[in-house]
Amino acid sequence: MEKKNKKRKLLKAAAFLTAAIFIIGLGIFANALVGNPVSKMLAKRTANAYLEERYADTDFYIESVHYSFKLPSYTVKIKSKSSDDSYFSLEIDSLGKLLLDHYDSMVANRGNTARRLDDAYRNLTDAVWESPSFPFTLSSGIAYGILEFTPQDYAQNSDIPSYALMQEDLELDGLYDIQKLGRQAGHLVVYIEDDLVTTERAAEILLEIRRLMDEAGAPFYAIDLTLQPPRAEGEHPMQAGNYLTIKQFLYADIYPDGLKERIERLH
């Protein structure tokens with residue numbers, strides 16, 4: 001009987017230990033995935049203290065606190081009551097230590113303003129790409145327009161177009177003529193599938209895209225065009241056979257006379 005009792009106690013202890021390990025493991029997993037209330041409270045407290053110290057003369061307030069399991073840390077979103085472009089985030093660890101302040105890149109260096117204007121321009125070009133009457137077949141749906149802005153620190157990088165506008169020159173909450181910006185720094189990128197992959201066909205497509213964008217009030221400065229044959233399902237675009245790519249082809253160079261030759265030189 002005594003041996004049975006000891007065995008029963010050992011089994012209960014083992015079951016309790018297993019359950020405890022499971023609960024602890026589950027807690028660790030949940031904490032890694034969604035954080036915990038105590039750390040969230042510490043993050044909010046740190047953010048409040050930081051705002052009072054660093055941004056005392058502003059109307060910034062905490063909009064939300066979210067746990068990011070990728071970092072892992074808490075992302076505290078900060079907004080202004082008076083400026084639509086004045087929002088940024090703080091990254092705070094689970095112990096309440098401030099890791100990053102994104103104010104400079106998002107607000108001071110006009111990253112938010114550039115993003116707002118770029119979104120407005122993309123909407124103009126999307127109206128053309130997504131129109132039921134668009135006459136060409138997009139490859140993998142790749143077609144978009146962007147405004148080329150660059151922070152001053154990256155202006156000399158080789159992959160920054162010469163026509164890119166300085167991001168820091170933008171006015172916070174400024175009202176801009178999106179079409180004018182498109183003419184100055186609009187950049188189109190489009191992949192088109194066609195049975196004919198020739199410079200003659202590329203010239204026809206460029207002329208038609210220019211016409212469509214002009215009619216839609218979505219001017220651009222330059223375009224990247226990739227022309228390729230139809231591909232089988234699951235096949236990588238560049239495996240479909242011969243393709244033609246031209247990059248940074250200027251809007252000003254898209255006119256009939258000599259267009260084929262200009263494409264050949266750039267291609």
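Looking only at atom types and distance, the side chain of Thr150 has no donor-acceptor partner in the side chain of Gln167 under 3.5 Å away. Side chains of Arg115 and Asn112: a donor-acceptor N/O pair is present below 3.5 angstrom, by distance only. Judged by distance alone, the side chains of Ser73 and Glu91 do bring a donor and an acceptor atom under 3.5 Å apart.
For the pair Arg210 and Tyr251, the cation-pi criterion (under 6.0 Å, within 45° of the ring axis) is fulfilled. A cation-pi contact links Arg262 to Tyr255, judged by a cut-off of 6.0 Å to the six-membered ring centre and 45° from its axis.
Among residue pairs with one or both ends in residues 163-179, none qualify as salt bridge (charged side-chain N to carboxylate O under 4.0 Å, His left out); sequence neighbours excluded. Evaluation of the ring-ring contact (aromatic ring centres under 6.0 Å, His included) test over residues 147-171, restricted to residues two or more places apart or in two chains, returns Tyr163-Tyr221. Listed by first and then second residue, the ring-ring contact (aromatic ring centres under 6.0 Å, His included) pairs that reach into residues 114-133 are Trp129-Phe134, sequence neighbours excluded.
In summary, Arg265 and Glu261 do not engage in a salt bridge, as defined by a charged side-chain N under 4.0 Å from a carboxylate O.
Between Asp195 and Pro230 the shortest side-chain heavy-atom distance falls below 4.5 Å.
Between Thr58 and Tyr55, the shortest heavy-atom contact is OG1-O, 2.8 Å. Taking every heavy atom of both residues into account, Tyr176 and Leu117 meet most closely at CD1-CD1, 3.8 Å.
Considering Ser86, Ser83, Ser80 in turn, Ser80 is the only one that fulfils the side chain to side chain donor-acceptor pair (under 3.5 Å) rule with Asp59.
Aromatic rings from Tyr87 and Phe60 are positioned such that their centres are separated by 6.0 Å or more.
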